Every structure is written in structure tokens, then in C-alpha cells.
Amino acid sequence: MTSCLLSLLFPLLSSIMAAAQPAGCKIRITDKGLEMLKFETQKFVEEEISNISMPEMTGKEGRFQYTINNVKITELNLTHAELQFIPDVGLLFDVQNSSISLSFHRRILYWFFYDTGNINASAEGVNINTALSLIRDDEGRLKINNITCDARIDKMRAKFSGTLGKVYHFLSSFLTTGLRFLLNQRICPALNHAALVHVNSLLETIPVRTEVDQYIGIDYALVDDPVVTSRSLDMHFRGMFFDRADPNNTLVNYAVDPVIREYDRMVYLALSEYFFDSGMYSYYKAGVLQMHIINEKMSKDLEMLLRTTYFGTLVMMNPVLVDAPLSLEIAVNSPPKTTIKTSGATVVMTATVKVMVLPPGRPPVQLSSMTMTETELSPFRFKIFSNQSALESLALIPLQAPLKTMLQMSVVPLINNWTKRGVRIPLADGMDFIEEVVEYHNGFILIGANLHFSKGLREMIEGSNETEATTN
């Protein structure tokens with residue numbers, strides 16, 4: 001009975017413990033970033049409202065029979081628009097006291113008189129209040145879960161032209177009332193569709209699990225719902241790298257949970273020690289942190305130093321081996337560890353170095369095995385000792401400088417690869433960081449930046465739809 005109960009509780013406890021792990025990556029968008037996003041949102045909303053389709057209106061009023069069609073919105077003036085945070089909910093897009101210009105075609109029959117023509121109308125006192133609720137979906141993506149919309153047009157005026165324009169001006173009140181009602185009914189459904197379909201399709205292009213290179217990938221799933229205050233939107237991502245060949249073998253996050261306190265920039269990105277440690281762990285598990293240096297890969301200076309160091313050993317083993325090729329096998333033998341302090345960031349590792357002689361037509365012969373410990377990148381320092389004897393450790397001192405270089409050749413390119421190629425951050429394609437400032441804190445790095453839109457919101461959404469179609 002007890003074992004059955006434990007078997008039922010274990011998955012639940014495991015999921016709770018996993019959910020309680022701190023985030024490896026956090027992003028904060030401040031109210032200053034929201035101000036930049038407001039302009040893109042306003043343009044997008046204007047485009048969505050401009051594309052509203054209106055049904056044909058037909059009816060009869062006294063001796064008049066009318067048909068109204070081909071309704072087109074010609075101009076929007078959303079002069080008083082605001083984009084704000086709603087604490088614990090999401091975003092609010094609010095439009096107050098704005099105007100819409102539109103035109104439509106009329107056909108009117110009055111007794112035996114038939115008249116057609118265009119009508120120019122204007123809607124004034126346009127007020128739109130749209131609230132977006134943001135959540136984490138089942139896959140760990142940011143998603144608009146719900147939208148609350150209220151649209152109201154205070155008044156509408158129409159100007160008639162044509163043969164009987166002055167005669168049936170009294171119809172304008174009746175027609176504009178109908179149009180105002182229809183337009184009111186069309187604005188919110190259009191914005192609902194834009195948010196729940198178009199914007200969510202854009203959010204779906206933000207990577208949750210994506211490859212970094214041929215060896216590792218990264219998991220950017222949200223670990224909880226976004227945290228919204230009156231000043232910011234905070235998103236907490238797992239920020240975990242994984243070995244693509246063994247994606248379930250991952251590092252547990254025991255690192256310091258990054259804390260973002262700043263609001264001066266548009267956006268902040270916090271990366272904990274776990275973010276970097278999981279990357280090094282994944283590379284280590286993928287077998288990448290090792291190299292074999294032989295023949296032309298070995299510099300002449302290093303070859304000469306090795307032959308000088310091991311000349312006596314080679315003579316004692318077999319004088320014929322003195323001129324045989326030498327090789328170095330360098331392998332990091334435990335996952336590197338990142339330490340981030342206010343003074344900077346370091347990566348500490350331990351590596352094993354084997355010196356081999358390669359007799360022609362015979363198996364390789366090991367001359368020495370060494371361990372380099374407390375290796376620290378930036379600055380790069382280490383200790384080296386022999387795995388065979390303390391006396392040999394003294395003889396290996398001249399090898400410290402060249403072996404330091406060899407280890408740099410093995411590990412540093414991987415770190416540089418992240419900075420050169422870049423590891424995509426979980427933002428939509430088209431949103432870029434500019435004017436970055438990096439700060440080091442105890443346990444995490446904080447990058448403050450401003451936002452630049454290389455694409456408009458409409459272009460970003462259309463690009464996401466093209467990507468989805470190509471994928472399908």
C-alpha cells in the first residue's frame with residue numbers, strides 16, 4: 001500500500017520540484033519599452049480597422065427605398081491611443097476621442113426618381129478599450145488567453161452629393177445611425193481576431209525548444225505565467241541547454257535566481273550561472289570538449305618542447321621512438337562550472353592531457369598522463385600535475401604555457417561561438433536589442449537595452465505565417 005502511494009506521489013512531487021526551480025533566463029519589458037511597442041500596435045490596429053468589411057444595407061423609409069454598399073474606411077485618426085500594463089492581467093490598448101473617415105455608395109429610389117452617388121461620412125468620438133490577458137500555455141509559450149473589448153462611437157455625420165442630395169438630407173440621421181451601429185459591432189470582432197489569431201500566431205514563432213548547433217539545443221519554455229505590474233512585464237524562462245542526442249539528460253538548476261530591479265531601459269535580459277553551466281554541461285555530455293593534436297595540427301615549438309621533456313623517457317623505452325610522431329589528447333573530464341560575481345565571469349574546469357608517441361605500424365604508446373585543474377577562463381590560469389608521480393609534476397612546469405594555449409583552443413571557441421553566432425533570445429523575430437549595457441551581479445549577468453523594430457508588427461505577423469506555412 002505504501003509503495004503504491006509513493007509511486008503515485010513521486011511524479012507529483014517531481015513536477016512540483018521542477019516547477020519550483022528558478023529561471024535560467026528572465027526578460028523584463030518596462031513601460032518605456034511599451035511606449036515603443038505602442039506605435040507598432042497603433043499602426044496594426046489602424047490596419048485591422050481599415051480592413052473591416054461592412055455588409056450591404058437595404059431598407060425603406062416612407063417613400064424612400066435605399067441600398068448602401070461598398071463601405072470603405074478611408075482614414076483613421078487614433079490620436080489619443082495608449083498602451084499600458086494591467087497588473088496581474090496583461091495589456092490595455094485604449095483609444096479615446098478619435099475619429100474615422102469613411103465613404104460608401106448609395107442607391108435611392110424616391111417615387112419615380114432614382115439616384116446614385118457616393119457619401120462621405122465621419123465617425124467622431126471613437127473610443128476603443130481593449131484588454132489582453134497574458135498566460136503561459138501548455139507548451140510554455142506566452143499567449144493571449146482572452147480579450148475584453150468595448151468600442152463606442154459617439155456620433156456620425158454624412159455629407160450627401162448628387163441630384164437629390166439636398167432633398168433627402170433628412171435620411172442622413174437614419175442612415176448614419178445604422179452605420180454607426182454596424183461599425184460599433186464590427187470593431188471588437190476585428191480586434192479579437194487580430195489578437196487571438198494573428199498576434200498569437202506571431203507568439204508561436206518564438207522558440208520554446210530550438211537547436212543552437214549540431215550538438216546542443218536550448219529550452220526557452222516559460223516556467224510560470226508572466227508577472228505583470230504597473231511598470232513592467234516579467235517573463236521567466238527555463239533557459240536550459242540540452243544535448244540534442246540525449247535531450248532528457250539535463251543539469252538541475254541550483255543557481256541563484258536572477259532578480260531584476262531596474263526600469264530605466266526598455267528591456268532587460270538576466271542570465272544566471274545555470275544558463276551557462278547547462279550549456280557547458282551539454283557540450284561535455286555531447287563529447288565536444290576534447291581534441292586530438294597530431295602531425296600538422298601541432299606547432300613546431302610545442303613538438304620540440306615535448307621531445308625535449310620526454311627525450312629520456314623515449315630513449316629508455318626504445319631509442320627508435322625518439323623520431324616517432326607525438327600526439328596530445330586533451331579532454332575536459334568534468335562539466336565546466338561558471339561563476340559570476342560583480343567583478344566579472346569565470347569558467348572553471350578540469351582537463352586530462354595524455355602525451356602519446358605513435359610508432360609506425362604499432363599501437364600508440366602513452367608517455368604521460370596529466371591533469372590540469374582549477375583552469376579559469378578570463379583570466380586563464382591553471383595548475384598542472386602528473387597522474388604518475390610528484391617528481392614528474394616538476395618536470396612538467398615548462399609545459400604549462402603551451403598546454404594552456406591548447407585548452408584555450410579546445411574550449412574557448414565554443415564560448416566564442418555563442419557570442420559570434422549568437423544564441424537566439426525568446427523574442428519575436430524583428431525585435432532587436434540596441435545600446436546594450438552589461439552588468440555583473442552575484443550569480444547572474446544583467447543586460448539592459450533599448451528596443452528596435454527592424455520590421456513592423458504587420459510584417460512580423462505575415463513573416464510568421466509564411467514560416468508556419470513552409471513548416472507545414
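What you are looking at is a predicted structure, and each value in this text was computed from that prediction instead of being measured. The basis for the numbers below is simple: all heavy atoms, side chains too, and nothing from hydrogens, waters or symmetry mates.
- Between Tyr263 and Tyr268, the ring centre distance reaches or exceeds 6.0 Å.
- A salt bridge links Glu35 with Lys38: the distance from a Lys NZ or Arg NE/NH1/NH2 to an Asp or Glu carboxylate oxygen falls below 4.0 Å.
- Evaluation of the ring pair (Phe, Tyr, Trp, His ring centres under 6.0 Å) rule for Phe93 yields no partner, not counting sequence neighbours.
- If you take CG on Asp243 and OG on Ser278, they are separated by 12.0 Å, rounding to the nearest 0.5 Å.
- Applying the ring pair (Phe, Tyr, Trp, His ring centres under 6.0 Å) rule to His193 yields the partners His198; only residues at least two apart in sequence or on another chain are considered.
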*Give the C-alpha distance, both sets of side-chain angles, the deciding distance and a yes or no for side chain to side chain contact (heavy atoms under 4.5 Å, CB included) between Arg265 and Glu435.*
CA-CA 10 Å; Arg265 295 299 189 103; Glu435 302 169 352; 4.0 Å; yes

*Ile135 and Asn146: side chain to side chain contact (heavy atoms under 4.5 Å, CB included), yes or no, with the steps?*
CA-CA 9 Å; Ile135 64 165; Asn146 187 33; over 6 Å; no

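- A donor atom on one side chain and an acceptor atom on the other are not found under 3.5 Å apart for Asp277 and Tyr254.
- Nearest approach of Glu273 to Thr338, heavy atoms of both residues: CD-O, 3.7 Å.
- Smallest separation of non-hydrogen atoms from Glu48 and Ala190: OE1-O, 4.1 Å.
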*Candidate pair Glu40 and Lys43, rule side chain to side chain contact (heavy atoms under 4.5 Å, CB included), full reasoning*: CA-CA 5 Å; Glu40 295 299 327; Lys43 288 192 295 184; 3.6 Å; yes

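- With hydrogens and angles left out, the side-chain atoms of Tyr281 and Asn249 include a donor and acceptor closer than 3.5 Å.
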*Stepwise, does the side chain to side chain contact (heavy atoms under 4.5 Å, CB included) test hold for Ile86 with Val228?*
CA-CA 7 Å; Ile86 308 176; Val228 188; 5.6 Å; no

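- With 3.5 Å as the limit, one finds no donor-acceptor pair spanning the side chains of Glu75 and Asn77.
- The shortest distance between side-chain heavy atoms of Ile445 and Tyr440 falls below 4.5 Å.
- In this structure, Leu269 and Cys25 have side chains that are in contact, with non-hydrogen atoms separated by less than 4.5 Å.
- Shown here are the ring pair (Phe, Tyr, Trp, His ring centres under 6.0 Å) partners of His236, two or more places apart in sequence or in another chain: there are none.
- For Arg136 and Asp225, the salt-bridge test fails: no basic side-chain N is under 4.0 Å from an acidic carboxylate O.
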